[in-house]
Every structure is written in structure tokens, then in C-alpha cells.
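What follows is a set of notes on a single structure, which appears directly below.
Lettering of chains follows the sequences in order, A, B, ..., and the numbering in each one begins at 1. Note that the structure is predicted; figures quoted are calculated from it, not measured.
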Amino acid sequence: MPATPWMRHAMACAMLVAWTAAAWAEMPGDAGRGRVAVIGKGNCLACHHLPIPEEPDHGDIGPDLSTVGSRLGATELAARIVDPKTINPDTIMPSFFKTDLHRVAKDWQGQTILTRQDVADVVAYLLTLK
Amino acid sequence: MRAARTILAVLALVLAVRSPAWADPPFDPKDPAMAKYISGDKRSGYTFAEPETRAMQDDDFMNPAMLWVGKGETLWSTVEGSAGKSCASCHGKAEETMTTAGAHYPKYDAGERKVVNLEQRINLCRSQAMGAAEWKYESEPLLAMTTYVKMQSRGVPVSVVVDGPAAPWFDAGRRFYYERRGLNDVACAHCHVDHWGQHIRTELLSQGMTNGFPTYRLKWQKLGSLHRRMAGCNEEIRAEPYPLGSFEYVALELYLAWRAQGLLVETPSVRK
């Protein structure tokens, strides 16, 4: 069967994601700093339950991440955090390392929610959750 | 026996996953007191509010928004402007002439050739019929008058015209509602269609219905317009808001009124 333009597009996207995510996964991260980032800058607790008992009021919009490290590897975690729309185009989850978004408030233009290092740190932290 | 236990376990799991939508704050879909605030699949923000917040709204003597309603009532018969008129000069008793306007705005105005909301209609009356200065958006008198007028429609189902000349506003409003924006890259619909009943931290997401606006927000310690709330939601997702009263927000208001159709006007509502 010849590949339709749509299929070619999908394959190209999948390859791009796989490649960038793999590159992300190779970046060394610090789990301790990642734990700080999921509370603060990333505000992952807004939507996810995490094993962070000192913080009250974990949200329940997304899945519980208490054991996510036994479910997903570094590549998948990185892809999910960098730009989750590549996995689910309809997701409510923010893209934590993406610019060129629509109508970003002036104070935030050109910035990303997490830095490159933050992403690596958060991945390292999530990998400890087994 | 094993089968029964498995079924129970599955049921518990289903309930655990499903429960956020129904478990809190004490809301029982079969409670007859709630029937007034539900229409088919649509649920007023009232059904998501804490019991104490609801109690404040239920009792006109406790509802802090009534301060603004009182001011609106005074302004209704206050003569202002070059024509020497008050609202009452043209409209008589608000209790008799304003019983549905609050349920039917925003509305296409043939003279203006655009869709206007209640605030803008009031200002048109001031500038054109009274020869008085327009009130600034979100100013005390405009909030007071809007709330006073809209309250006269309490209990009337929201019903707006979205076709004909209003169609471009409706379409623009719907587009806005589903368009991702801001650093958080989400649309209104992500929170209020896809995830209502779930929590962002402690915030219980409602369906974002507009039938109770203007609303007294405990967080604001003040009465506020729907456009202020829209701007607030936009700021929270780190999107550049639009000016209150802008084309974008009036269009969005029309779309939201359409979403709320069938729910009863409950102005002035009280929310967290």
C-alpha cells in the first residue's frame, strides 16, 4: 500500500518525537531538583497526585503519578513533558518546553514553563517513582 | 464468592475513578433543592459551590451583592444627562418592564449593527436616550445597574438568538472557547467541558456557566462582571487577556449564554 500524505506526515512526526525525546532522555538530571520543580515551576501537583505528602491538595485532572516510573521510561516521560500534544492532541496538559504558542501573556513571551535542565530533572525524579 | 469479590473490587475502582465528578462538595443530583440549578446536562456553578457559599446566595439579606442591587435601584430613577431623563422615564417600573432582558442578552442591536451585552445596552441608553456620559466598564454604577436589571429576570431560562445577524459573533465566540491560548496552552473547553467535576489543586472545576453573573466573588470581596471573570481565567493560563467590553469578550459572552441556555438566571450569584 502506498503511503498517503497523511501517513507520511504521521511517520515523520513520530520519528521527530522519537528522536528529540531520545535526546532528552540522554540528558543527565537530578531527581532532588526534579522533585522541587514538580511542586513549584512545573506545578504538576495542580493536576496529578504525587508522593509528596507535605504538599496538600494534589489535583485529580490527570493520572496518579505515584508509580509512573515503573510504567514509563525516560524517553516517554520526556516526550510527555516537552509537548504532550504529540501523544494526545486534545490533552489539557501544558507543553512544558515549547514556544510559539497562541497569545502568550506579554511577561511570558518567548519563554517556556520549564528549562531544558528542569525537564531532565523532572524525568530523573519521575523515574524514581516505582 | 471470588467472582463477587472481583466485581466489588472493579466497582470500587470505577467509583474511585468516577467519584470526583459527584462526591463533592455535598451535591446529590437527586436533591430536589438542586433541580432549579440543573437543566439536562447543564449544571449551574451553584451546584459546584460549597454549602456556605450557596447559603449566602440563597438569602437576599445575606447576599453581599444586594448592596449593588440597592444602588442600581436608586440609579434607575435618578435623572441624569442633557435630556433630563432617568431609566424610569422611558422604562417605568423595572419589576414590570425588565423581566426578561437579563435572559436574552447579548443580543444583536439593529441600530448599532452589532451584538451588544447588557452593560453596553445600558450605556447606549445613557448616551443616546439620556444624553448622559457612558459608565466605564467595571465601574460601580455600571455593575450596580447591570445587576439590578438582570436580577429582574431571576428564574427565567437563559435564551439567546445566535443565528441571523448574530451568527458572526456566535461563531467567533465558539472559536475562542475551543482555541488553545497562553503559556499553559489550554482552551476554555479543556477546563469547563473536558474536566469539570475534577480538581485543579483544591479548585473544583464547574461547567463555567454564566447564568449568575454579575457575581459576588469572595476572592474579589466585590461584585464583578463576566468579562472580569473571563480576563481572570485568561490570566491564570498566562494568556494575554482582552479589554473588558471588547468584541472578543462580547462574542464569547454570546457563546457562553448559548451554552447556558435552559438554566435559570440566578443573578446575583455568590461564588468562591
Side-chain angles (χ1 to χ4, degrees), chain A residues 37-50 52-67 79-116 118-119, chain B residues 13-25 48 50 172 175-208 230-243 246-249 252 272:
Chain A
V38 300
I39 300 170
K41 258 185 177 183
N43 196 17
C44 314
L45 289 179
C47 296
H48 293 284
H49 186 87
L50 282 154
I52 303 180
E54 73 274 19
E55 283 287 322
D57 311 325
H58 303 196
D60 56 16
I61 305 271
D64 188 327
L65 298 180
S66 303
T67 58
R80 181 35 93 174
I81 297 162
V82 168
D83 187 9
K85 281 103 209 176
T86 55
I87 298 156
N88 170 12
D90 299 323
T91 188
I92 188 176
M93 185 164 149
S95 304
F96 286 90
F97 196 78
K98 191 178 172 187
T99 50
D100 291 333
L101 301 169
H102 174 55
R103 244 190 121 72
V104 173
K106 285 204 181 69
D107 291 351
W108 290 97
Q109 273 168 21
Q111 301 181 55
T112 54
I113 305 176
L114 296 179
T115 64
R116 204 176 280 277
D118 291 332
V119 175
Chain B
L13 197 73
V14 169
L15 283 175
V17 171
R18 191 69 194 89
S19 63
W22 302 106
D24 74 309
F48 296 86
E50 304 288 335
R175 234 178 294 122
F176 193 114
Y177 197 76
Y178 283 94
E179 190 171 40
R180 290 182 186 275
R181 64 190 64 245
L183 191 62
N184 290 33
D185 198 27
V186 283
C188 313
H190 286 113
C191 285
H192 296 299
V193 177
D194 295 349
H195 292 286
W196 62 266
Q198 292 174 308
H199 299 81
I200 295 207
R201 286 274 184 153
T202 48
E203 285 293 349
L204 175 61
L205 289 171
S206 76
Q207 297 177 345
M230 289 172 181
C233 277
N234 271 321
E235 267 159 28
E236 240 148 89
I237 59 175
R238 293 177 275 192
E240 190 65 23
Y242 289 88
S246 60
F247 164 83
E248 286 80 5
Y249 283 174
L252 187 54
K272 196 164 69 169

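Taking CG of A/L101 as the reference point, atom CG of B/L183 lies at 6.5 Å (rounded to 0.5 Å). One finds the CG atom of A/D60 at 5.5 Å from the CD atom of B/Q198 (value rounded to the nearest 0.5 Å).
Interface remark: A/Q111 contributes backbone atoms only to the contact with chain B (heavy atom separation under 4.5 Å). Contact annotation for B/L205: only side-chain heavy atoms (C-beta onward) come within less than 4.5 Å of a heavy atom of chain A.
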*Which is it for A/N43 and B/R201 under the side-chain contact (heavy atoms from CB on, under 4.5 Å) test, yes or no, and what are the steps along the way?*
CA-CA 9 Å; A/N43 196 17; B/R201 286 274 184 153; 3.9 Å; yes
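Between A/P94 and B/D185, the closest side-chain pair of non-hydrogen atoms is not below 4.5 Å. Residues A/I61 and B/I200 are in side-chain contact: their nearest non-hydrogen atoms beyond the backbone lie under 4.5 Å apart. Side chains of A/H58 and B/H199 form no contact here, defined as non-hydrogen atoms less than 4.5 Å apart.
Without hydrogens or angle criteria, B/E240 side chain to A/R103 main chain gives no donor-acceptor distance under 3.5 Å.
Exactly one of A/D107, A/I113, A/V104 qualifies for a side chain to side chain contact (heavy atoms under 4.5 Å, CB included) with B/R238. That residue is A/I113.
For B/R181, the salt bridge (charged side-chain N to carboxylate O under 4.0 Å, His left out) test picks out B/E179, with sequence neighbours left out. In this structure B/Y249 satisfies the ring pair (Phe, Tyr, Trp, His ring centres under 6.0 Å) test together with B/H227, B/Y242, sequence neighbours excluded.
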